[in-house]
Amino acid sequence: MDFIIDAAVKAIKHLYQIDVAPAAIGLQETRKEFDGQITIVTFPFTKFSRKGPEQTGTEIGEYLLSELKEVAAFNVVKGFLNISLNDEYWIGQLYNEILPDSFAVAKPNGQKVMVEYSSPNTNKPLHLGHVRNNLLGFSVAQILAAAGYEVIKTNLVNDRGIHICKSMLAWQKFGNGETPESTGMKGDHLVGKYYVLFEKELRVQLAPILDRIYEKNDLSLFKEGQKVKIEALLNSIDKLKVKKQTTPEANTKAIDELNDKIGADQDKIKEIAKGATQLMIETQQMLQQWEAGDAVVMDLWRTMNGWVYAGFAETYKQMGVDFDKYYYESNTYLLGKDIIEEGLEKGVFFKKEDGSVWIDLTADGLDEKLVLRSDGTSVYITQDMGTAQLKYNDYHMDKSIYVVGNEQDYHFKVLFLILNKLGKAGADGLFHLSYGMVDLPSGKMKSREGTVVDADDLMAEMETTAKEQTEAMGKVDGFSEEYKLQLYHTIGMGALKYFLLKVDPKKRLLFDPNESVDFQGHTGPFIQYTHARIKSVLSRADYNAGIKTDIAALDGVERDLIVLLTQFPTVIQDAANGYSPAIVANYVYELAKTYNKFYHEKSILQAEDETLKQFRLQLSASSAKVISQGMALLGIDVPERM
RNA sequence: GCACUCGUAGCUCAAUUGGAUAGAGCGUCUGACUACGGAUCAGAAGGUUAGGGGUUCGACUCCCUUCGAGUGCACCA
């Protein structure tokens with residue numbers, strides 16, 4: 001559409017003697033209720049023309065009509081100049097742009113981008129939240145690649161730390177030597193089982209300790225500093241309880257708030273008290289042994305992580321995601337200390353009396369943030385600084401995307417700010433793709449309350465539902481068993497992936513496990529069905545992509561379809577710029593819907609003459625191609641038959 | 001308490017980043033060719049865009065404010 005923008009710039013120069021930037025010409029699609037395909041908003045130019053928006057629009061319109069052979073007509077409604085391009089132009093678009101294999105294949109833009117996603121902990125299986133993360137990360141990587149970037153997909157595996165030790169300890173104590181082989185369980189689920197067992201046992205051990213705190217006021221188990229904290233919390237709780245009693249019962253809101261605060265304080269006490277359980281003491285010891293490289297612990301760690309990796313590999317395969325590079329925290333958790341030195345020298349960080357190192361971000365509207373403990377060990381953000389440096393050293397990428405939930409917004413704000421202040425190469429290209437949590441109707445998923453939706457279970461259920469739906473429609477007669485299995489997977493995953501990706505990543509997402517994901521309407525299977533139907537028509541016809549037919553005029557739906565198809569490359573760029581698969585998802589749906597309308601209104605195989613038939617076949621084939629490519633950007637396959 | 005994010009039809013989501021009479025799907029109701037696949041298509045009903053104020057030729061979009069929801073505020077990761 002650049003030629004219209006250029007012409008509009010010339011029109012304004014010619015008519016009003018003003019130079020406007022091409023970007024100032026806001027082209028948009030003409031809304032369905034008006035004639036035309038392209039619209040220019042003329043309000044911004046009235047200050048140059050010193051005329052009303054209608055007259056300005058008319059003047060520009062007349063200029064375009066006389067200067068551009070592609071412009072067939074125009075009309076002006078208020079400040080909107082609606083332009084109709086002639087059918088010859090649109091038909092030319094189909095043959096010269098859309099039909100060739102080069103359509104929507106971006107030239108390499110010479111830029112490298114890293115997309116880090118998934119990044120699981122190795123102590124339990126993946127759940128629905130991870131599914132959103134994985135699908136988003138994979139799709140964004142596909143979109144960026146289609147937009148011309150060289151993409152590196154990475155997975156930063158959190159394979160060490162206290163949570164893995166919990167699973168390890170529980171297995172040691174209660175496992176009786178169980179293995180994935182001996183139980184037939186998937187490795188990640190087996191390890192997760194022991195994590196749950198750990199938490200269960202921990203609660204048992206915690207009860208008497210809490211009893212001593214609340215009932216007997218006995219704090220002898222705790223160190224001085226902890227005692228002070230607990231006493232302060234107990235005090236706070238007492239005050240809140242008094243306040244609660246003096247609050248009228250009718251004021252339910254105030255009561256709820258007080259209860260929340262009491263609950264929060266009690267949780268804090270619980271956290272401290274956990275540290276006094278035998279189980280946590282042993283877990284801490286195990287972590288120290290791990291850090292010291294104790295042979296037995298290391299061996300167990302390697303074994304159990306191995307189980308988990310085998311399990312994850314299966315889940316990733318089902319999900320259809322993959323990675324170019326794995327980073328492991330066991331290798332990176334000590335990184336970042338040299339950056340601390342560097343920051344101190346540059347005066348970006350400062351050291352407190354106890355030896356801890358901080359950065360003052362109050363000038364940027366944030367807080368003071370600890371970057372190194374007083375004992376000289378790293379914290380989370382120290383590692384991340386080091387890992388960012390490591391990644392950059394490995395790839396020298398222009399951009400680096402972190403696909404991480406929005407609960408870590410603050411962390412990444414701080415991390416990027418620090419790297420910027422340190423003047424690190426690549427710091428400008430850092431981006432946190434922050435996505436919303438997946439909520440259940442009951443609220444947030446909580447592993448402790450057993451309300452998590454397991455990724456493997458979910459995918460299996462989707463396949464089962466796909467099978468039931470397909471069989472109920474009696475459409476699988478004559479399909480081989482092998483093809484059917486493949487098909488159920490394609491449809492089930494298509495429904496799930498589309499459901500999760502059609503929503504703007506930033507927004508939180510509601511998932512109701514009791515209400516199965518739809519297969520009709522604005523869904524993946526709807527789009528897959530459209531594709532299969534086109535393929536069915538094509539296979540019945542002697543379709544030839546090469547023949548250029550001589551169509552004189554287009555009908556409304558046909559033109560709409562071509563207009564939509566021409567937008568595909570722009571959609572890819574927009575989605576890449578916004579890191580949003582939702583843009584692609586909504587576009588492909590719009591395309592499928594428009595195709596279905598065309599399909600119902602126009603006969604293809606029984607077209608009036610052979611020329612028209614070939615043309616409609618070409619239009620159909622183009623639609624199938626774009627649907628298939630668009631869905632591939634979402635990581636969704638489209639079947640030939642379903 | 002402080003900070004950030006969000007609030008659009010009964011439900012789940014759009015709205016070309018400040019543009020036209022706010023659009024889809026599900027659900028509800030009505031209808032569709034003896035032709036290419038009915039997981040489809042056509043139509044109806046459904047809205048004070050949470051409330052109020054402001055900026056603008058123009059506001060779902062930007063600013064202020066009230067209400068409501070979520071998240072974050074560890075020498076955890």
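Reminder, nothing fancy here: chain letters follow the sequence lines and each chain counts from 1.
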Counting only side-chain N and O atoms of [X], is one of them less than 4.0 Å from OP1 or OP2 of [N]?
X      : N      : answer
A:R508 : B:rC13 : no
A:K507 : B:rA14 : yes
A:S536 : B:rG37 : yes
A:K597 : B:rA42 : yes
A:R31  : B:rG19 : no
A:R540 : B:rC36 : no
A:R373 : B:rC76 : yes

### Any side-chain donor near an acceptor of the partner, A:T122 and A:N305, under 3.5 Å
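A donor-acceptor contact under 3.5 Å links the two side chains.
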Identify the nucleotide, in any strand shown, that forms a Watson-Crick or G-U wobble pair with [N], with both distances under 3.5 Å; if there is none, say none.
N      : result
B:rG18 : none
B:rC67 : B:rG7
B:rC73 : B:rG1
B:rG58 : none

#### Entry: Qualifying residues under ring pair (Phe, Tyr, Trp, His ring centres under 6.0 Å), relative to A:F198, sequence neighbours excluded
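A:F198 satisfies ring pair (Phe, Tyr, Trp, His ring centres under 6.0 Å) with no residue once adjacent residues are dropped.
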### Task
Fit a plane to each ring of A:F416 and A:Y402, take the angle between them on a 0 to 90° scale, and name the class: parallel (under 30°), tilted (30 to 60°) or perpendicular (over 60°).
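The rings of A:F416 and A:Y402 sit tilted, inter-plane angle from 30° to 60°.
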#### Entry: Cation-aromatic face contact A:R132/A:Y435, 6.0 Å, 45 degrees
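Ring-cation test returns no.
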### Task
Give a yes/no verdict on base stacking between B:rA20 and A:F34: centres under 5.5 Å, planes within less than 30° of parallel.
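Base of B:rA20: stacked against A:F34.
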